[in-house]
Structures are given as structure tokens and as C-alpha cells.
Amino acid sequence: MKIAIVSGKNEGPTKLNAFDNALSDAGIGDVNLIKVSSMLAGNTEICELPKLKAGAMVNCVLSEITSDTPGDTITAVIALAIGEKLGCVVETSAANKNLSDMIDEAKNMVKYMMNKRNVEIKELKVEYSTTTVEKTASVIASVVYLNEEIMEG
């Protein structure tokens, strides 16, 4: 299994436009995202995001938050752990919460999931996006599941 980890942030005239702009900033704005739960195959390989086919149906785990409250600091965090047998992904997002606390929370959640499954963690990654809202902003962090069907070329 191959995955890419992406994040993005942006402003827009509406919440929907801000979210769409954040997806585009992350490189996943021209595809249809299908939110899946949180499991990875064992020994999953993390890759750079390839060029995706416009309109492709793309599985992902998505953390996102949008706010139209100027001055809010919004953050989306995703953490993943990969073992030999399987891997797990968690997401969290919040407004006006300490970034290091959010990262610790995500790491603790994914470690717990792996521990409950008795799987030793070989690799642990965290990705996040954070911004202070000017008018209307959105941040996203995502694990994108890759396959030949969705990639250009």
C-alpha cells in the first residue's frame, strides 16, 4: 500500500471556498475525496503526492477545520503509525488550542490504537496545518491512499 501525507491552508470568501482553497493548497482540490476510517496495510510506503486525475475518487483520512471568526487560530493534525502487520491513522482539529498539545494528543491516540492491536510501531509521522483567521479560513491535513487508477500518467 502507498500513501501520501498532505496539508494545506487558505482563506476564501465563504467557508466552502476557504475549504476548497485549502484542499487545492494541499494538492487534492481537483479530486473527489472519500473519507475512510483509519487503517493502513502493514509496511505501508509513504510517497510524495503524485499528480492525480481530475475528478478521481480518492480515499483519504481527513482532518479539517474552518472558521469565520477573525483572530481564531485553527489547526488540523493527522498522525499515523506503521507496523509490520498494519498501521493506524488518527485526526484531530481545533480552534485556539496549543499546537504541541494537539500533536501530543494525536501521537498518543495513534500509539494507543497500535498498542491495542499489539503491533509494534516502526514509523510514526505527524502532519499539521495551522493558521490565524483573517476573515474566513480553512486548514486541512490528510493521508491520501494511492493507487494506479487515480494517478495521471
Side-chain angles (χ1 to χ4, degrees), residues 1-10 12 15-16 18-67 72-131 137-153:
M1 170 181 276
K2 292 183 179 185
I3 60 169
I5 307 168
V6 299
S7 60
K9 60 185 170 188
N10 216 323
K15 286 183 173 183
L16 178 65
F19 176 64
D20 182 57
N21 291 341
L23 291 174
S24 292
D25 184 50
I28 54 175
D30 295 337
V31 298
N32 295 294
L33 299 175
I34 302 166
K35 288 176 87 170
V36 297
S37 60
S38 55
M39 302 312 298
L40 301 171
N43 294 318
T44 292
E45 180 184 346
I46 301 171
C47 307
E48 290 295 315
L49 183 70
K51 179 83 173 133
L52 301 176
K53 293 178 185 174
M57 305 299 271
V58 178
N59 292 325
C60 72
V61 176
L62 181 67
S63 175
E64 55 91 12
I65 184 170
T66 303
S67 173
D72 268 0
T73 298
I74 55 174
T75 305
V77 179
I78 201 148
L80 63 98
I82 299 171
E84 279 187 37
K85 292 186 216 172
L86 58 81
C88 295
V89 184
V90 300
E91 74 278 346
T92 188
S93 60
N96 305 314
K97 192 169 177 184
N98 181 281
L99 175 60
S100 62
D101 289 346
M102 292 183 70
I103 290 170
D104 288 345
E105 176 187 15
K107 285 181 179 179
N108 289 336
M109 287 191 295
V110 80
K111 287 176 183 177
Y112 176 85
M113 288 174 72
M114 294 290 279
N115 187 49
K116 281 298 275 187
R117 291 168 172 79
N118 295 314
V119 178
E120 182 181 338
I121 296 172
K122 292 172 60 179
E123 186 172 9
L124 193 147
K125 296 268 187 197
V126 175
E127 179 78 17
Y128 67 89
S129 183
T130 189
T131 194
S138 186
V139 294
I140 71 103
S142 182
V143 168
V144 178
Y145 294 70
L146 303 174
N147 63 61
E148 296 300 322
E149 266 182 34
I150 66 170
M151 294 187 274
E152 273 194 4

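This chain uses plain numbering: 1 for the first residue, then up along the sequence.
Residue D20 holds its CG atom at 11.5 Å from CG of D25, rounded to the nearest 0.5 Å. We find the OH-CD1 distance between Y128 and I140 to be 14.5 Å, quoted to the nearest 0.5 Å. From M57, atom CE reaches atom CG of N59 across 9.0 Å, with rounding to the nearest 0.5 Å. Separation of atoms SG (C47) and CE (M1) is listed at 11.5 Å; rounding is to 0.5 Å. To the nearest 0.5 Å, atoms CD (E84) and CD (E120) are separated by 7.5 Å. The distance from atom NZ of K9 to atom CD1 of I65, rounded to the nearest 0.5 Å, is 14.5 Å.
In summary, the side chains of N118 and K85 do not present any donor paired with an acceptor at a separation below 3.5 Å, with no hydrogens or angles considered.
Considering L146, L80, L49, V144 as possible partners of I3, the one that fulfils the side chain to side chain contact (heavy atoms under 4.5 Å, CB included) test is L80.
Looking at E91 and V77, their side chains never come closer than 4.5 Å, going by heavy atoms from C-beta outward. Side-chain atoms of S93 and E64, non-hydrogen and from C-beta on, never get closer than 4.5 Å to each other. Contact check for L52 versus D30: no side-chain heavy atoms found under the 4.5 Å cut-off. A heavy-atom distance below 4.5 Å is not found between the side chains of V31 and I150. Residues I28 and V58 fail the side-chain proximity criterion, which asks for heavy atoms closer than 4.5 Å. In this structure, E127 and V6 have side chains that are not in contact, with every pair of non-hydrogen atoms separated by 4.5 Å or more. Two residues are said to be in side-chain contact when any heavy atoms from C-beta on lie closer than 4.5 Å; Y145 and V36 meet this criterion. Contact check for I46 versus K2: no side-chain heavy atoms found under the 4.5 Å cut-off.
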Test side chain to side chain contact (heavy atoms under 4.5 Å, CB included) on L40 and I82 and set out the steps. CA-CA 7 Å; L40 301 171; I82 299 171; 4.2 Å; yes

Steps toward side-chain hydrogen bond (donor to acceptor under 3.5 Å, both in side chains) verdict (T66, S138): CA-CA 4 Å; T66 303; S138 186; 2.8 Å; yes

As a quick check of understanding, evaluate salt bridge (charged side-chain N to carboxylate O under 4.0 Å, His left out) for K125 and E123, giving each step before the final call. CA-CA 7 Å; K125 296 268 187 197; E123 186 172 9; 3.8 Å; yes

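Between the N21 side chain and the N10 main chain, no donor and acceptor come within less than 3.5 Å of each other. The backbone N or O of G55 lies less than 3.5 Å from a partner atom in the side chain of N32, making a donor-acceptor pair.
Within 6.0 Å of NZ in K53 there are more than 12 heavy atoms belonging to other residues, nucleotides or ligands. For E152, the CD atom sits in a packed shell: over 12 heavy atoms of surrounding residues, nucleotides or ligands are nearer than 6.0 Å.
In this structure, the side-chain hydrogen bond (donor to acceptor under 3.5 Å, both in side chains) partners of T75, at least two apart in sequence or on a different chain, are T130.
A side-chain hydrogen bond (donor to acceptor under 3.5 Å, both in side chains) check over residues 100-116, counting only residues at least two apart or in different chains, returns the pairs K97-E105, N98-S100.
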